[in-house]
Amino acid sequence: MASMTPSVDVPPAPWTGRFDGDGPEHRRWWQAVVPSNGATASGSAPKPAALIGFASDEGVRRNKGRTGAAAAPAAIRKALGPLAFHLDRSVTDAGDVAVSEGALEDAQARLGSVVSELLDAGHLTAVLGGGHETAYASYLGVSGSQVVQQGARLGVLNLDAHFDLRDEPVPSSGTPFLQMARAEAAAGRQFRYAVAGISEANNTRALFDTAGHLGVQYLLDEDCGTDRVREFVASFLADIDVLYLTIDLDVLPAAVAPGVSAPAAFGVPLPVISAVCRQVAASGKLLHLDIAELNPAFDVDGRTARVAARLLDTLLR
């Protein structure tokens, strides 16, 4: 098998969790996940999954939000560890890319390289963020992958209360999708971006205007009933070849996800978000995913980390 060595800043640490026995009938995530060995996937279906952490809250700091998301990858792994493992795919942990001394752009580029390498080696990649600056790092990896470079139509589906289309002099957690739009235009590709969960009260008219100018498809949080969202997602999936799904946990109601940079006053119910995860996983088009904006410093009873772990389990199952 061909091999590669993704350049991470923090190698994967041992996973821990409740022990009920060694047999497959007792298996939990912590017993199933193994460190990435750099091997190219064999091409079997379903693809093996690779987890990569992005320990960053620099984008949130730049966006004047409450910091703490840099601790999220460890918190998500901790919440995943004790869950029963029912997946029919293997899962590896590639470790973390971390922002050092505020050098966000360098870390985004490094994470992008790791994601591209893992995608090209045949993995389904999942990034554990990090603020939503994670999204641009993910995009760099997806857009640099062989499948996109060879012409596959990429779609970006964001489950989020915010457009994150800010036009700022310095990149932040509020700018990633405008950065993507400009990068796609520079590459001569159409920017295909859809958002479910937009809070009208938390996005300015300028942001709605930018979304309109870019042809962004969106659904307001108040309109996110299960059937409406299913139709919205199905329509988006119909016009793309591969999907990058990004989940900003602030799309959920604050009672469900208190541990985020900006808790939602309204939010989209968890069953709706979970249904979207099942829908995109079943589509066969999911290429890459990330979960962003978990802030363990404000996470009452670890609620938000548990939700993130459950959604990741659903997406990979």
Any residue meeting ring pair (Phe, Tyr, Trp, His ring centres under 6.0 Å) with Phe163, in chain and number order, not counting sequence neighbours | Phe208, Tyr218
Go through the steps for His213 and Asp209 under the test side-chain contact (heavy atoms from CB on, under 4.5 Å), then give the verdict.
-> CA-CA 6 Å; His213 175 72; Asp209 290 345; over 6 Å; no
Hey, quick one: are Val280 and Val195 part of the same hydrophobic cluster, counting side-chain heavy atoms closer than 4.5 Å, chains of contacts allowed?
-> no
Taking every non-hydrogen atom, the tightest pair across Gly122 and Pro48 = O-CD, 3.8 Å
For the atom pair CG (Leu243) and CG (Leu289), what is the distance rounded to the nearest 0.5 Å?
-> 9.0 Å
Residues in ring pair (Phe, Tyr, Trp, His ring centres under 6.0 Å) contact with Phe177, at least two apart in sequence or another chain = His132, Tyr193
Might you work through the side-chain contact (heavy atoms from CB on, under 4.5 Å) test for Val260 and Leu294, ending with a clear yes or no?
-> CA-CA 5 Å; Val260 293; Leu294 169 63; 5.8 Å; no
Kindly compute the distance separating CG (Leu159) from CD1 (Ile273), expressed to the nearest 0.5 Å.
-> 4.5 Å
Does Ser274 reach the main-chain N or O of Pro271 with its side chain, forming a donor-acceptor pair under 3.5 Å?
-> no
Using a distance-only test with no angle check, is there a side-chain donor-acceptor pair under 3.5 angstrom linking Thr226 and Arg230?
-> no
Determine all donor-acceptor pairs shorter than 3.5 Å in which one atom belongs to a side chain in residues 95-112; sequence neighbours excluded.
{"unit_1": "Asp96", "atom_1": "OD1", "unit_2": "Gly53", "atom_2": "N", "d": "3.4"}
{"unit_1": "Asp96", "atom_1": "OD1", "unit_2": "Arg77", "atom_2": "NH1", "d": "2.9"}
{"unit_1": "Asp96", "atom_1": "OD1", "unit_2": "Arg77", "atom_2": "NH2", "d": "2.8"}
{"unit_1": "Glu105", "atom_1": "OE1", "unit_2": "Arg62", "atom_2": "NH2", "d": "3.3"}
{"unit_1": "Glu105", "atom_1": "OE2", "unit_2": "Arg62", "atom_2": "NH1", "d": "2.9"}
{"unit_1": "Gln108", "atom_1": "NE2", "unit_2": "Glu133", "atom_2": "O", "d": "3.0"}
{"unit_1": "Arg110", "atom_1": "NE", "unit_2": "Asp9", "atom_2": "OD1", "d": "3.4"}
{"unit_1": "Arg110", "atom_1": "NH2", "unit_2": "Asp9", "atom_2": "OD2", "d": "2.7"}
{"unit_1": "Arg110", "atom_1": "NH2", "unit_2": "Ala98", "atom_2": "O", "d": "2.9"}

Group every Ile, Leu, Val, Met, Phe, Trp and Tyr by side-chain heavy-atom contacts under 4.5 Å, then state whether Val156 and Leu245 land in the same group.
-> no
Who pairs with Ala194 by side-chain contact (heavy atoms from CB on, under 4.5 Å), at least two apart in sequence or on another chain?
-> Leu157, Gln217, Phe232, Phe236
Looking only at heavy atoms, what is the nearest atom pair of Cys277 and Leu311, with distance?
-> SG-CD2, 4.0 Å
Looking only at atom types and distance, does a side-chain atom of Glu117 sit under 3.5 Å from a main-chain N or O of Gly141, one as donor and one as acceptor?
-> no
Polar side chain donor-acceptor pair, His162 to Asn203, under 3.5 angstrom = no
Locate the shortest heavy-atom distance separating Gln31 from His26; write the atom from each residue and the value.
-> OE1-O, 3.4 Å
Salt bridge present between Arg228 and Glu231 (N-O < 4.0 angstrom) = no
Shared hydrophobic cluster for Leu140 and Phe191 (ILVMFWY, side-chain gaps under 4.5 Å) | yes
Where Ala135 and Pro176 come nearest, the two heavy atoms and their spacing | CB-CB, 4.0 Å
If we only count heavy atoms from C-beta on, is the Asp93 to Ser36 side-chain gap below 4.5 Å?
-> no
Heavy-atom side-chain contact between Leu124 and Leu316 under 4.5 Å = yes
How far does CG of Leu128 sit from CG of Leu312, to the nearest 0.5 angstrom?
-> 6.5 Å
Determine whether Pro171 and Glu58 make a side-chain contact, defined as any pair of heavy atoms from C-beta on separated by less than 4.5 Å.
-> no
Taking atom types as modelled, find out whether Asp290 and Thr134 have a side-chain donor-acceptor pair closer than 3.5 angstrom.
-> no
Can a donor-acceptor pair be found between the side chains of Glu293 and Ser261 at a distance below 3.5 Å?
-> yes
Could you state the interatomic distance from CG (Asn295) to CG (Leu249), rounded to the nearest 0.5 Å?
-> 11.0 Å
Taking all non-hydrogen atoms of both residues into account, name the closest pair between Val272 and Val229 and its distance.
-> CG1-CG2, 3.8 Å
Would you mind reporting whether Ile291 and Val127 have side-chain heavy atoms less than 4.5 Å apart?
-> no
Less than 4.5 Å apart, any side-chain heavy atom of Pro258 and any of Thr304?
-> yes
Neighbour count >12 (heavy atoms, 6.0 Å) for atom CZ, Arg192 = yes
With Asp20 via salt bridge (charged side-chain N to carboxylate O under 4.0 Å, His left out) - residues at least two apart | Arg18, Arg28
CA sep, side-chain torsions, deciding dist, call: Phe85, Val91, side-chain contact (heavy atoms from CB on, under 4.5 Å) | CA-CA 10 Å; Phe85 191 84; Val91 181; 4.0 Å; yes
Side chains of Thr314 and Arg278: does their closest heavy-atom pair fall under 4.5 Å?
-> yes
Is the CZ atom of Arg310 crowded by more than 12 outside heavy atoms at less than 6.0 Å?
-> no
With side chains defined as the heavy atoms from C-beta onward, is the minimum distance between Val148 and Leu119 less than 4.5 Å?
-> no
Sorted by chain and number, sequence neighbours left out, side chain to side chain donor-acceptor pair (under 3.5 Å) with Ser145 holds for none
When rounded to the nearest 0.5 angstrom, what is the spacing between OG1 in Thr125 and NZ in Lys47?
-> 8.0 Å
Polar side-chain atom of Asp120 near backbone of Gln146 as donor-acceptor pair, under 3.5 Å | yes
Give a yes or no on whether Gln149 atom CD has more than 12 heavy-atom contacts from other residues, nucleotides or ligands under 6.0 Å away.
-> yes
Answer yes or no: is there a donor N or O on one side and an acceptor on the other, between the side chain of Arg303 and the main chain of Gly259, under 3.5 Å?
-> no
Note, Val256 side chain near Val307 side chain (heavy atom, < 4.5 Å) | yes
Same cluster for Leu87 and Leu118 if Ile/Leu/Val/Met/Phe/Trp/Tyr side chains link at under 4.5 Å?
-> no
Roughly how far, to the nearest 0.5 Å, is CG of Asn158 from OH of Tyr244?
-> 7.5 Å
Asp241 (side chain) donor-acceptor with Arg153 (main chain) under 3.5 angstrom | yes
Ile247/Leu315 under side-chain contact (heavy atoms from CB on, under 4.5 Å): CA gap, chis, key distance, verdict | CA-CA 11 Å; Ile247 303 175; Leu315 282 159; 4.1 Å; yes
Looking only at non-hydrogen atoms, find the nearest pair between Ala305 and Ala75 and report the distance.
-> CB-O, 3.9 Å
Donor-acceptor contact below 3.5 Å, side chain Asp160 vs main chain Asp248 | no
Flag yes if Val33 and Val8 sit in one hydrophobic cluster, no otherwise; membership is Ile, Leu, Val, Met, Phe, Trp, Tyr, and two members link when side-chain heavy atoms are under 4.5 Å apart.
-> no
Side-chain (Arg166) to main-chain (Ser173) donor-acceptor, under 3.5 angstrom | no
Will you find, in the side chains of Tyr139 and Gln179, an N or O donor that is under 3.5 Å from an N or O acceptor?
-> no
